[in-house]
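Just below is one structure, and these are the notes that go with it.
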Amino acid sequence: MTQSHLSGVETSAVSVLKRAVELDQSCRFQASLVCYQEGIQLLMDVLKGVKDDSKKEHYRSKIKGYMDRAEQIKAHVNRMKEEGKYHEQIRISDDATGYSYENLFRPYISDELTEVWVEDAYIRHIHQLYNFLRFCEMLLKASCGLKRIHLLTSQDEADSGRQSSALTELKDSLSERGVDLELQFSSSLHDREIRFDNGWIIKIGRGLDYFKKPKGQFSIGYCDYHFRHCHETTVDIFHSKHTKIL
């Protein structure tokens, strides 16, 4: 590993671990655990390329400290999950950025995830349909064995044809990638909830539709939701051993 590459990896490690500490202090334990694990791996890569003994000892000490904290968090999360008491809350302030679907959901996606249930009454209008498409794309890119997505939503009475056509096209596209999309409609649906079959339950006050309209088609945030401004909303995350089936 060249010195410049080594420096780059160290910079990445510092950034990820800084984020881990921030999440830890905000009691977002599952998300912080993911960042700690990624940051520790990056520091271990740096350690492999270091020749100086004093620097090696410095990195070993840092790694041990972060590993100890990660183990504490892991034990805490596992205990809360076993007791059915795990709950964390994220408050997204008005105009906040950095809350893409990847950033929000990634900490709760694991290798064993195969099935996802989405209850959201507002997957009707074109921007909401695109939101759901982006959510599906995020799941496809994640490291998991996704096989099935269930969507329970309401029908667009004003333009049910467009909604039906869009969801059918998405269903066919997902099928080409080995994922089934099961659709169900309800006229009395109000709750908004996303459930993973690994036990995680995410409730967002505004459902998937928490992003503001971009200023223009060529403004930053139009394509990458990481830069998209958000509406104020609250995200509650729970864990249950038994994922409810629609």
Side-chain angles (χ1 to χ4, degrees), residues 1-82 86 88 90 96-116 134-147 177-179 196-200 202 220-221 223-228 235 237 239:
M1 187 181 296
T2 65
Q3 190 60 42
S4 60
H5 186 199
L6 194 66
S7 177
V9 174
E10 183 175 9
T11 299
S12 296
V14 170
S15 177
V16 172
L17 289 166
K18 180 181 178 182
R19 179 63 175 157
V21 172
E22 291 172 350
L23 291 167
D24 189 351
Q25 293 173 342
S26 300
C27 297
R28 291 180 58 186
F29 296 121
Q30 179 64 22
S32 71
L33 181 59
V34 171
C35 287
Y36 274 125
Q37 291 170 337
E38 290 182 1
I40 289 167
Q41 184 57 57
L42 288 169
L43 275 188
M44 292 178 70
D45 291 340
V46 173
L47 178 60
K48 293 176 184 176
V50 171
K51 305 299 182 185
D52 183 86
D53 288 340
S54 62
K55 287 185 177 181
K56 282 186 176 182
E57 186 57 37
H58 167 76
Y59 287 117
R60 288 193 185 103
S61 176
K62 286 286 185 182
I63 289 169
K64 184 180 184 307
Y66 289 124
M67 287 183 72
D68 288 346
R69 181 53 186 160
E71 285 300 318
Q72 291 172 0
I73 293 173
K74 187 175 181 179
H76 171 73
V77 169
N78 287 340
R79 183 169 64 253
M80 292 297 100
K81 285 162 64 175
E82 283 295 321
Y86 191 94
E88 65 178 81
I90 304 168
T97 59
Y99 290 96
S100 67
Y101 295 145
E102 284 84 359
N103 286 351
L104 189 60
F105 291 101
R106 186 171 60 96
Y108 312 99
I109 297 175
S110 54
D111 293 340
E112 63 267 23
L113 176 65
T114 62
E115 203 160 359
V116 174
R134 288 179 182 271
F135 175 76
C136 292
E137 289 175 337
M138 177 274 298
L139 291 173
L140 288 173
K141 289 193 297 182
S143 298
C144 64
L146 183 67
K147 296 298 181 185
R177 291 160 177 80
V179 177
F196 296 159
D197 68 348
N198 60 7
W200 290 109
I202 298 98
I220 297 299
C223 295
D224 191 338
Y225 278 20
H226 175 79
F227 299 104
R228 183 76 70 90
V235 183
I237 297 138
H239 188 276

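Worth saying up front: this structure is predicted, and the values here are computed from it rather than measured.
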From [atom1] ([X]) to [atom2] ([Y]), nearest 0.5 Å:
X: Cys35; Y: Ile40; atom1: SG; atom2: CD1; result: 11.0 Å
X: Arg106; Y: Ser100; atom1: CZ; atom2: OG; result: 9.0 Å
X: Leu146; Y: Phe196; atom1: CG; atom2: CZ; result: 9.5 Å
X: Met44; Y: Arg60; atom1: CE; atom2: CZ; result: 10.5 Å
X: Glu102; Y: His226; atom1: CD; atom2: NE2; result: 10.5 Å
X: Lys141; Y: Cys136; atom1: NZ; atom2: SG; result: 12.5 Å

Whether Trp200 and Tyr86 hold their rings parallel, tilted or perpendicular, with breakpoints at 30° and 60°: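 Rings of Trp200 and Tyr86: perpendicular, as their planes differ by over 60°.
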
Residues forming a salt bridge (Lys or Arg N to Asp or Glu O under 4.0 Å) with Lys64, sequence neighbours excluded: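 Counting only residues at least two positions away or on another chain, Lys64 forms a salt bridge (Lys or Arg N to Asp or Glu O under 4.0 Å) with Asp68.
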
Any pair counted as salt bridge (charged side-chain N to carboxylate O under 4.0 Å, His left out), so long as it reaches residues 6-20, sequence neighbours left out: Arg19-Glu22

Flag, side chain of [X] to backbone of [Y], donor-acceptor distance under 3.5 Å:
X: Asn103; Y: Tyr99; result: no
X: Thr11; Y: Ser7; result: yes
X: Asn198; Y: Tyr108; result: yes

Lys74, NZ: over 12 other non-hydrogen atoms inside 6.0 angstrom: no

Over 12 foreign heavy atoms within 6.0 Å of CE, Met67: no

Would a 4.5 Å heavy-atom cut-off, applied to side chains only, mark [X] and [Y] as touching?
X: Ile237; Y: Gln30; answer: no
X: Asp197; Y: Leu113; answer: yes
X: Glu82; Y: Arg79; answer: no
X: Leu17; Y: Leu43; answer: yes
X: Val50; Y: His58; answer: no
X: Ser143; Y: Ile109; answer: no

No-hydrogen, no-angle side-chain donor-acceptor test under 3.5 Å, Tyr225 and Arg134: yes

CA sep, side-chain torsions, deciding dist, call: Leu139, Val179, side chain to side chain contact (heavy atoms under 4.5 Å, CB included): CA-CA 10 Å; Leu139 291 173; Val179 177; over 6 Å; no

Qualifying ring pair (Phe, Tyr, Trp, His ring centres under 6.0 Å) pairs with a residue from residues 27-57, counting only residues at least two apart or across chains: Phe29-His76

Considering all heavy atoms, the nearest Ala20-Ser32 contact: O-CB, 3.4 Å

